[in-house]
There are 2 protein chains.
Amino acid sequence: MNGKAIGIKDIARLAGVSTATVSRTLSQPGMVSTSTRDAVMQAVRATGYRVNHTARNLRRQRTGSIVALVPRLANPFFSQILSGMAGVFSAAGYGLLVADTEVAPDPARQLSHYIHSGIADGLVLLDARLPRGDLCNRVAGPPVVLACEWMDDDLPSITVDNVEGAAVAVRHFWQTGHRRIGHITGPAGNVLTESRLHGVRATLATLGSALRDDWTFPGDFGLESGARAAAEWLALKDRPTAVFCSSDEMACGFIGAVQRAGLRVPDAVSVIGFDDIEVSAHLTPGLTSVRQPRTRIGREAGEVMLSMIAAQSLTAPSRRIPLELIRRASVAPPP
Amino acid sequence: MNGKAIGIKDIARLAGVSTATVSRTLSQPGMVSTSTRDAVMQAVRATGYRVNHTARNLRRQRTGSIVALVPRLANPFFSQILSGMAGVFSAAGYGLLVADTEVAPDPARQLSHYIHSGIADGLVLLDARLPRGDLCNRVAGPPVVLACEWMDDDLPSITVDNVEGAAVAVRHFWQTGHRRIGHITGPAGNVLTESRLHGVRATLATLGSALRDDWTFPGDFGLESGARAAAEWLALKDRPTAVFCSSDEMACGFIGAVQRAGLRVPDAVSVIGFDDIEVSAHLTPGLTSVRQPRTRIGREAGEVMLSMIAAQSLTAPSRRIPLELIRRASVAPPP
DNA sequence: CCGCATGATGTAATCGTTTGCAAACCTACC
DNA sequence: GGTAGGTTTGCAAACGATTACATCATGCGG
């Protein structure tokens with residue numbers, strides 16, 4: 001590192017071999033004889049040589065990194081998924097590039113950009129709202145994997161059974177005695193929103209009930225929207241006694257606003273969230289929630305991605321990760 | 001994208017110019033005449049050509065990405081800083097690589113690896129606990145910037161005045177009437193822990209008081225450690241009436257555990273946190289907290305990094321970001 | 001002792017750009 | 001018309017690795 005960066009040539013000269021041999025020693029050690037290998041490794045250690053990844057990647061026609069497109073990096077829900085992926089990728093020699101689709105100047109073009117720019121060897125989408133135009137029926141370009149969300153196309157995805165998650169929540173309310181059940185949805189058009197909403201409706205139907213429109217509050221997965229839903233709920237003459245929230249953040253915002261209005265959870269209203277983010281266990285009351293194993297989702301998404309890259313395939317089987325209802329104190333029998 | 005990737009050569013042939021001219025048209029448009037520029041751009045549009053970043057980076061002797069080393073990616077505190085940085089970087093044509101120092105197999109070697117491997121053009125550390133051996137007195141390698149934390153060395157850092165932050169919290173307690181003030185610390189050895197602890201001690205001293213040892217609870221910035229501190233607090237015969245927590249997560253864990261034990265905040269104990277993470281406003285009660293502007297910290301860290309890269313310098317002036325006390329309902333006069 | 005398979009190494013082309021240098025061109029002024 | 005000065009352009013050499021192909025021993029069966 002003193003004057004000039006040392007390269008494979010310097011090692012070759014030092015070890016008295018050709019650059020080809022040095023390269024082989026480094027990438028396919030089995031191909032060179034023990035003696036030369038030792039000589040090369042000796043020279044490598046002596047000089048502190050490091051391969052130039054850019055050059056290697058250029059020659060190998062790859063980039064060495066995988067990009068994750070996250071709807072909102074600031075959302076704690078995603079960071080743990082990223083964490084799981086980062087571990088898998090770095091072990092395989094790939095770096096994880098993150099990009100926030102929310103802060104991007106032109107989100108609509110962002111996906112297309114990453115697909116075509118050749119900046120990454122793979123693309124993990126945590127946001128299915130992106131325009132899918134470029135994704136269907138591709139024959140070239142980097143593989144794409146979806147985590148949590150999914151698209152109608154045949155893109156591989158790592159998801160939980162969101163319909164079942166909603167069903168579990170609703171049944172838990174029902175078994176606890178609730179018959180008046182409301183729902184705070186995610187953003188309109190989102191697949192998670194739709195399937196959870198559908199889960200609620202279908203489950204209530206099996207139970208001989210139905211989801212009332214005035215008990216369906218629109219949200220966007222964020223804290224504030226939960227608080228807004230609480231305002232709506234408070235304004236109702238005829239309130240549901242239980243509210244299933246499509247995200248823990250919204251549940252948190254909902255509970256906070258309800259309690260700030262002087263009512264208690266679960267006395268006045270029972271609440272179930274979705275995700276089981278870390279803070280949920282520490283809220284007052286502790287939040288009952290449908291847990292998504294986030295680290296695992298990230299890890300499996302990473303694995304699927306690596307397998308696709310290895311197989312040079314644009315498709316792979318999707319995976320479904322099991323859910324679990326975590327019971328805490330935010331659910332109690334209705335008054 | 002059909003048969004073979006198109007390169008600068010194809011554009012050159014199509015536009016009837018040399019590859020040099022194509023390259024110049026793309027990177028220094030002012031250098032070529034309007035007519036040839038048009039011809040080249042025409043060919044570019046016609047073919048859908050995209051530059052190969054790997055090749056460009058190789059030639060330009062850079063990597064095009066900057067890595068952020070995060071102590072715990074899953075911590076919501078960091079994700080917003082990353083978000084701020086990612087914005088600045090992507091605007092400047094750099095990608096943000098993230099690495100979790102907690103899940104890494106050998107965190108001690110990780111920093112050294114990123115410094116020497118030449119994988120990134122710059123390094124942002126959100127974790128000053130890393131071994132600093134390689135960082136001092138360097139004459140080569142990528143620039144390093146610290147965000148939030150800092151080291152004794154002359155590395156540039158973007159920080160808040162943690163001593164003052166603690167002072168503000170303590171004075172707020174004092175003005176509200178509290179004379180019995182406790183503190184939950186961060187992990188031992190951490191610079192934030194130390195300076196906030198020092199801020200508490202120094203401020204109490206100016207007020208003619210002192211921080212009692214049995215009112216100083218060890219934490220690690222995490223939720224669970226706040227809950228553990230609450231257990232200690234509950235077990236005390238002689239309790240402080242106010243507790244300043246070195247992170248919002250700990251405050252959240254503390255409040256949750258206290259309330260789960262049947263006591264109310266702020267009736268039984270007033271609490272102030274540090275960071276003002278998003279959820280703090282929605283807790284019951286709303287958490288009074290010393291706000292760190294996280295997006296701004298990330299943004300400024302990014303700017304400093306870019307300026308160092310541009311100037312090819314390993315040093316830059318540090319920056320200090322102002323704090324703000326956000327008053328909510330977790331502080332009330334003592335019983 | 002010859003021929004051939006096997007294994008280890010070297011030579012040189014290649015990956016797709018950028019850029020120093022020199023040539024070509026143009027303008028304008030004497 | 002010649003020349004100086006300024007733009008535009010092209011040629012070809014990097015950048016630092018990988019790898020197809022050629023080469024050269026070596027060993028072994030016949």
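Here the structure is a predicted model, which is why all the values come from computation and not from measurement. Chain letters run A, B, ... following the sequence lines, proteins first and then strands; every chain starts at 1. Just so it is clear, the values below take in all heavy atoms, side chains as well, and ignore hydrogens, waters and symmetry mates.
- For the helix from C:dC1-D:dG30 to C:dC30-D:dG1, the rotation axes defined at the first and last 5 base pairs enclose an angle of 60°, given to the nearest 10°.
- Note on A:Val22: nothing from the nucleic acid sits closer than 4.0 angstrom, heavy atoms only.
- With hydrogens and angles left out, the side-chain atoms of A:Asp100 and B:Ser83 include a donor and acceptor closer than 3.5 Å.
- Taking atom CG of residue B:Asn57 and atom C1' of nucleotide C:dG16, one finds them 12 Å apart after rounding to whole Å.
- The side chain of B:Arg60 sits closest to C:dT19 out of C:dT19, C:dT17, D:dA17.
- Looking at B:Ser79, its side chain does come within 3.5 Å of a backbone N or O of B:Pro76 through a donor-acceptor pair.
- Applying the 3.5 Å distance criterion, the base of D:dT18 shares a donor-acceptor pair with the side chain of A:Arg59.
- Of the candidate nucleotides D:dT9, D:dG10, C:dT17, D:dT9 has the atom nearest to the side chain of B:Ser33.
- Counting to the nearest Å, the P atom of D:dT18 and the CG atom of A:Asn52 are 10 Å from each other.
- Geometric assessment of A:Arg62 against the ring of A:Tyr94 yields a positive cation-pi assignment under the 6.0 Å and 45° thresholds.
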**Q.** Pair A:Asp10-A:Thr47, side chain to side chain contact (heavy atoms under 4.5 Å, CB included): steps then yes or no
**A.** CA-CA 9 Å; A:Asp10 306 289; A:Thr47 55; 5.9 Å; no
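- For the contact set between residues 23-32 of chain A and DNA chain C, defined by any heavy atom under 4.0 Å, the members are A:Arg24, A:Met31, A:Val32.
- With hydrogens and angles left out, the side chain of B:Arg56 and the base of C:dT17 share no donor-acceptor pair within 3.5 Å.
- Between the side chain of A:Thr101 and the backbone N or O of A:Val70 there is at least one donor-acceptor pair closer than 3.5 Å.
- Inter-residue side-chain proximity for B:Leu82 and A:Val98 is flagged as unmet; no heavy-atom pair is nearer than 4.5 Å.
- Using a 4.0 Å cut-off, no side-chain N or O of B:Ser18 falls inside it from OP1 or OP2 of D:dT9.
- Between A:Asp10 atom CG and D:dG16 atom P there is a gap of 9 Å when expressed in whole angstrom units.
- Applying the 4.0 Å criterion to OP1 and OP2 of C:dG16, one finds that A:Gln61 has a side-chain N or O inside that range.
- Positionally, the nearest nucleotide of DNA chain D for B:Thr21 lies more toward the 5' end than for the other of B:Ala55 and B:Thr21.
- As a whole-Å value, the separation of A:Arg62 CZ from D:dT18 C1' is 12 Å.
- The interatomic distance linking A:Ile8 (CD1) with C:dG10 (P) rounds to 12 Å, in whole Å.
- The backbone N or O of A:Thr19 lies less than 3.5 Å from no partner atom in the side chain of A:Ser23, so there is not a single donor-acceptor pair.
- Nearest nucleotide to the side chain of B:Ala20, out of C:dG10, D:dC11, D:dC15: D:dC11.
- Not one N or O on the side chain of B:Ser157 forms a donor-acceptor pair closer than 3.5 Å with the backbone of B:Thr159.
- Counting any heavy atom pair closer than 4.0 Å across all strands shown, A:Thr36 reaches sugar-phosphate atoms only and no base atom.
- Remark: P of C:dC15 and CG of A:Asp121 are 18 Å apart, rounded to the nearest angstrom.
- Listed for the A:Asp121 side chain is a donor-acceptor partner under 3.5 Å among the backbone atoms of A:Gly64.
- Side-chain contact of B:Thr315 with B:Asp154: a donor-acceptor pair under 3.5 Å is absent, judged by distance alone.
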